[in-house]
Amino acid sequence: MIDLKQLRDDPQKFSERLNRRGSYNLQPILELDHQQRQLEVERSQLQARSNVIGKVMGERIRAGAHPQDPELKDLREEANQIKATLAELEPKSKELKANLENLLLTIPNLPSESTPTGKGEEDNVEVRRWGDEYIPQTVNLPHWELGEKQGILNFERSGKVAQSRFVTLIGAGAALERALIQFMLDQQIAAGYVEVIPPVLINTQSLTATGQLPKFAEESFQCKQDDLWLSPTAEVPVTNLYREEVLAASDLPIYHCAYTPCFRREAGSYGRDTRGLIRLHQFNKVELVKLVHPQTSEQEHQMLVQNAEAILQGLKLPYRVIELCTGDLGFAAAKCYDLEVWLPSAGKYREISSCSNFDDFQARRGSIRFKEAGQKGTQFVHTLNGSGLAVGRTMAAVLENYQQADGTVRLPEALQPYLGREIL
RNA sequence: GGAGAGGUGGCAGAGUGGUCGAAUGCACUCGACUUGAAAUCGAGAGAAUCGAAAGAUUCCGGGGGUUCGAAUCCCCCCCUCUCCGCCA
């Protein structure tokens, strides 16, 4: 959530920053805010008088006054008047507040100063490339053909069990998936992340806090009977572990890694990536989540990206780092780097990790605060997260980049100990 | 699913209609004592909103109600715990 106070104090500057993303009309928010505050002044003055009356009557009665005394009767009548007026004001005030809140929830985060300005994908900036020398020189089978040929991936039967865009991993395929997960977790735990296995059914409040709701409801699977949703990413449950908490400054930074299945409806992606492991309704991911002191969040973000890169480097998979421009930035993000792995079947780099800094946007929506010892008041933490990595896409990259002329796959050295073999 | 108990400040835990934003303990801050620390003693200190400030309002799981006045009484919902049932 954006900071209403900041918006109010300097609407001009605020909308300039926001409009680097696209065009947003903040006028209705400012107007509602103004009305709401006026009403609030009126309401609180009446309430103050009512409180005084209550206090006075209490004192009199305890001092032995009779409730039927004329003086008390007058007070009681005045209080009843006030109560009637308040009863008219309150529904209005509630409605204003709700409308304001609903509007605020649809405004995306401000891009950070350093985020490049641009309209869309084409304006993203390549930051660096790694591992050109590992790009295969020969033309190989796409991973889904290879996987089906080897009998380690099965899409057809998965469609029977669920729908299209689901996969079943079989034999060495399942083992490879587990090995990748284990490898990723081992690396991230060594890098200082504390592993968690969170719920993957999550409530509406949690999705609202991290920014998936209310705007992107059609992206998630919902269990309507229970107000629960299937987690689209571990970002949601892990960040929400700390929702509505006041942490001690000394608790920060908090680093978590989490392996979870992720579920996405992929509404509106008909016809895109219809084959293979690239775009599924259910996939596995190892996620990195950080809650940090605002002063450190920029460095923490750089480190987070490096932690994700370390997995690709460990697997010797060629990749590049892209910084997203303002137009391509996710709803809640202030700054974001994507890691894109080389995918021979596509002849291009494909996203395999997205590492975002949300500043205090999610923390404000979820009320995740911290307190500096000895200081008054609280501050919002900064939240960050990134994939470390998307497991299915990593498997696709391994199968394609490590394919040999005879149709076998020579496993990356880092994975060999996990699988107890060199060739797949 | 059935029966019972409970949800109070960062944490623990009192409080059953009026001066309760709330005792007490822990943790926290400042001061004294000490070479320093610990221990001890004294003082301070909840959060949010509006306000330049003084101050005002709100907050005792959530929502409604009774009352001049609700943490406290009534209704609904959610959550946690215990027992029973079922189940991996």
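Computed over heavy atoms, backbone and side chain alike; hydrogens, waters and symmetry mates excluded.
- Shown here, B/C60 forms no base pair; nothing in the strands shown gives a Watson-Crick or G-U wobble contact with both key distances under 3.5 Å.
- Distance check on atom C1': B/A38 versus B/G21 gives 34 Å, rounded to whole Å.
- The separation of B/U57 from B/A70, taken at their P atoms, amounts to 13 Å, rounded to a whole angstrom.
- As the counterpart of B/U82, B/A3 is assigned, both hydrogen-bonding distances of the Watson-Crick or G-U wobble pattern falling under 3.5 Å.
- For A/His256 and A/Tyr193, the gap between ring centers reaches or exceeds 6.0 Å.
- Spacing of P atoms, B/A23 relative to B/G9, comes out at 13 Å, to the nearest Å.
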If you restrict it to nitrogen or oxygen atoms, what contacts under 3.5 Å exist between nucleotides 57-68 of chain B and the protein, and what is each distance?
unit_1	atom_1	unit_2	atom_2	d
B/U57	OP1	A/Asn51	ND2	3.2
B/U57	O2'	A/Arg43	NH2	2.7
B/U58	OP2	A/Asn51	ND2	3.4
B/G64	OP1	A/Lys94	NZ	2.1

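- B/A48 atom P lies 15 Å from atom CE of A/Met1, rounded to whole Å.
- Between the P atom of B/C79 and the CD atom of A/Gln205 lies a distance of 12 Å, rounded to the nearest Å.
- Between the CG atom of A/Leu46 and the P atom of B/C50 there is a distance of 20 Å, given to the nearest Å.
- Partner of A/Ser354 under the side chain to side chain donor-acceptor pair (under 3.5 Å) criterion, out of A/Asn385, A/Asp338, A/Thr233: A/Asp338 alone.
- Summarising the base pairing, B/C28 is matched to B/G44 through a Watson-Crick or G-U wobble pair whose two defining distances lie under 3.5 Å.
- Comparing B/U8 with B/C59, their C1' atoms are spaced 11 Å from each other, to the whole Å.
- Distance NZ (A/Lys371) to C1' (B/A48): 13 Å, rounded to an integer number of Å.
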(request) Could you walk me through whether A/Thr168 and A/Ser158 pass the side chain to side chain donor-acceptor pair (under 3.5 Å) test, one step at a time? (result) CA-CA 6 Å; A/Thr168 301; A/Ser158 304; 2.7 Å; yes
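- Listed here is the closest heavy atom pair of A/His382 and A/Ser297: ND1-OG, 2.9 Å.
- For the C1' atom pair drawn from B/C11 and B/G2, the interatomic distance equals 34 Å after rounding to whole Å.
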(request) Show the numbers, then the answer: is there a side chain to side chain donor-acceptor pair (under 3.5 Å) between A/Gln188 and A/Tyr255? (result) CA-CA 10 Å; A/Gln188 304 303 1; A/Tyr255 295 173; over 6 Å; no
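- Among the atoms of the strands shown, none is found under 4.0 Å from any heavy atom of A/Lys97.
- Base pairing of B/A54: no nucleotide in any strand meets the Watson-Crick or G-U wobble criterion (both distances under 3.5 Å).
- Contact check on A/Arg279 versus A/Glu266 returns a salt bridge, with a Lys/Arg side-chain nitrogen under 4.0 Å from an Asp/Glu carboxylate oxygen.
- Nearest-nucleotide mapping onto RNA chain B: of A/Arg8 and A/Arg369, the residue sitting toward the 5' end is A/Arg369.
- For the P atoms, the distance from B/U58 to B/A71 is 10 Å, rounded to whole Å.
- A/Glu340 has no carboxylate O lying under 4.0 Å from a charged side-chain N of A/Arg350, or vice versa, which leaves the two without a salt bridge.
- With a cut-off of 3.5 Å on both Watson-Crick or G-U wobble distances, the partner of B/G36 is given as none.
- Considering every non-hydrogen atom in both A/Leu304 and A/Lys290, the closest pair reads N-NZ, 3.8 Å.
- Mapping A/Val246 and A/Gln379 onto RNA chain B via the closest heavy atom, the residue that lands nearer the 5' end is A/Val246.
- Distance check on atom C1': B/U80 versus B/A22 gives 23 Å, rounded to whole Å.
- Nucleotides B/A47 and B/U29 place their P atoms 15 Å apart, quoted to the nearest Å.
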